[in-house]
Amino acid sequence: MASSPPRHSVVIVGGGLTGLVLALMLQRLKVDYVLLEAYDSVTPNVGASIGLWPNGLRVLDQLGVYEDICKVAQPVDRSIIGDGRTGATLMTRRYGPVMKARHGYVNMFMERYELLRVLYHHVVEKHRIFVNKKVIRVETHDEKATVYTKDGSVFEAQCVVGADGVHSSVRRELWRNADDSDPTAIPKCDRQNIRCEHACIFGIAKPMPEVQPGEVIGASTQGTAAGLMVGPKQELFTFWFWQLPEEMRSCPIGAIPRFGEDDKKRELERAASVILTSSGLRFQDVAENLQSSAVTALPHFVLRRWHFGRLIVIGDAAHKFNPLVGQGGNSCIESCASLVNALQSTLGTRLSSSPAAWSVTALSEAFTAVERQRVGRLVDMVEKCQEAMRNTAWETPRRQLMSKYVAPLLTLSQFANIYSDLITAGVRLNDPVPRAIHHEWLYDDERQDLPNGFSAYQTMTAIGLLTAAAAVLFQNQHSLARILARLKIA
Ligand SMILES: Cc1cc2nc3c(=O)[nH]c(=O)nc-3n(C[C@H](O)[C@H](O)[C@H](O)COP(=O)(O)OP(=O)(O)OC[C@H]3O[C@@H](n4cnc5c(N)ncnc54)[C@H](O)[C@@H]3O)c2cc1C
């Protein structure tokens, strides 16, 4: 008799940032999970970098990985934005210390592979991570979900989380399952063409003395933008963004344009003369020092419906950002927290029980809560980040004017507000309680913890006023007693 497939509470499909962060969250709660990764490693070194912001770092801190991330990351001190044609500096803003003071964490850059390595290092039961398991088919049933991989393996679970990136197979399978039993489940807007307005070359170049640790360099020209950040080993994380022609800016989610070596060569030639620093460093100088590079389309979208039956997609599979501002991965971390919070609140202690029996109704409730919490914030963020890209690439004369002459008038505080506005509404894990870390701006969840919609500022002001009043009263208690006596109150 054939043995039945292994059954777990959760099968995570995809071992990128989303999959590994979710694995660590489930590990904390002692949930029986496995993670299936298509390739032979969850820590491939593909020469990409990633910047983390306080909203993502706060969650990673809850997971106990923050200290290790700091060891492989370079904190940002300042942003220097210039005119790529003339090399003139348009503005320099030391926003790093402002982020730290306001939000408790500073924006930091690292190799993506180093981040994945830290996350993987913290996975205690490595046998839960399966590589070379490319998922090709997923089924949702009343009692269970079944996952089939290309090598013939079969896994069963209470729920399947598609953390398999922008070209998600789980998303495709989720739609197929929905179409088979409820063709109205997936809203039409999710199947419409998505926008894909830009593409980018990203890579890592050897250190160059013209760029200092802690600097984020941006250089704009009409229709393009170049970026440089110095990593923890002084290496240069290098970016070249360009606007795609009108006819390429809309595509089906399953047919995102692919770019090859010819595109890369053409764009590197176009970028060569762009001046990155006031000292005259040109893109060509950096390109000649590139140790690794790749080219990719930059679609952006937010699905309105992330789940069907026992299946859900999160991370890039459900929401995709233009990477200029660097909130895509941070939002993946937030979505993991949102999902785990929702599962915890819907399933309670059943979340950790094994073997588990979770009803489709309970799962739907949890998954719907995730969409309710996440979609609105993500639509807003994705559009803001896209606007930042359009402005930075001076796509119209008005945008060029604003970026060149109006943006440099922003004070440091106003400049930092652009980032802070994306950070304070960040979603964290409901538990554990975040580590006490000094921060002057409250996160939205901290405001919610205050009674009856009182803001922290109101509360702190009220406490301050009461303390001051008490001190005055104490000092003047004798005169107060006299006044009260005269008024015949005391
Ligand atoms: C150039 C660039 C720069 C960026 N910079 C930043 C930044 O500074 N800050 C930031 O926050 N974000 C940044 N991002 C975005 C960030 O990298 C992504 O949001 C994040 O990595 C997405 O993680 P993910 O795990 O959801 O998807 P992915 O990283 O795509 O991982 C998906 C995983 O699933 C696996 N997989 C796929 N299909 C299957 C299958 N069928 N079966 C099993 N496994 C499968 C893949 O092999 C992969 O390991 C950037 C993106 C780009 C393109």
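Each ligand, and each atom within it, is numbered from 1 in the order the structure gives.
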Original post:
So among V46, D40, V42, which one has a side chain to side chain contact (heavy atoms under 4.5 Å, CB included) with P44?
Top reply: V46

Original post:
With sequence neighbours excluded, what pairs up with F155 under the ring pair (Phe, Tyr, Trp, His ring centres under 6.0 Å) test?
Top reply: F130

Subject >> Under the ring pair (Phe, Tyr, Trp, His ring centres under 6.0 Å) test, residues paired with W306 that sit two or more places apart >> reply: H319

For ligand 1, list all ligand N or O to protein N or O distances below 3.5 Å, rounded to 0.1 Å.
unit_1   : atom_1 : unit_2 : atom_2 : d
ligand 1 : 8 (O)  : G51    : N      : 2.8
ligand 1 : 9 (N)  : G51    : O      : 2.8
ligand 1 : 9 (N)  : G326   : O      : 3.1
ligand 1 : 11 (O) : G326   : O      : 3.1
ligand 1 : 11 (O) : G329   : N      : 2.7
ligand 1 : 11 (O) : N330   : N      : 3.0
ligand 1 : 11 (O) : N330   : ND2    : 2.9
ligand 1 : 12 (N) : G329   : N      : 2.9
ligand 1 : 19 (O) : D316   : OD1    : 2.7
ligand 1 : 19 (O) : D316   : OD2    : 3.4
ligand 1 : 19 (O) : G329   : N      : 3.3
ligand 1 : 25 (O) : L17    : N      : 3.2
ligand 1 : 25 (O) : T18    : N      : 3.0
ligand 1 : 25 (O) : T18    : OG1    : 3.2
ligand 1 : 26 (O) : T18    : OG1    : 2.7
ligand 1 : 26 (O) : D316   : N      : 3.0
ligand 1 : 29 (O) : R112   : NH1    : 3.2
ligand 1 : 41 (N) : V135   : O      : 3.0
ligand 1 : 41 (N) : S169   : OG     : 3.1
ligand 1 : 42 (N) : V135   : N      : 2.9
ligand 1 : 44 (N) : A38    : N      : 3.0
ligand 1 : 47 (O) : E37    : OE2    : 2.7
ligand 1 : 49 (O) : E37    : OE1    : 2.6
ligand 1 : 49 (O) : E37    : OE2    : 3.3

Original post:
Would you say the side chains of H122 and D68 form a donor-acceptor pair under 3.5 Å?
Top reply: yes

Original post:
Salt bridge or not for R270 and E267, using N-O below 4.0 Å?
Top reply: yes

Subject >> Residues in ring pair (Phe, Tyr, Trp, His ring centres under 6.0 Å) contact with H439, at least two apart in sequence or another chain >> reply: Y443

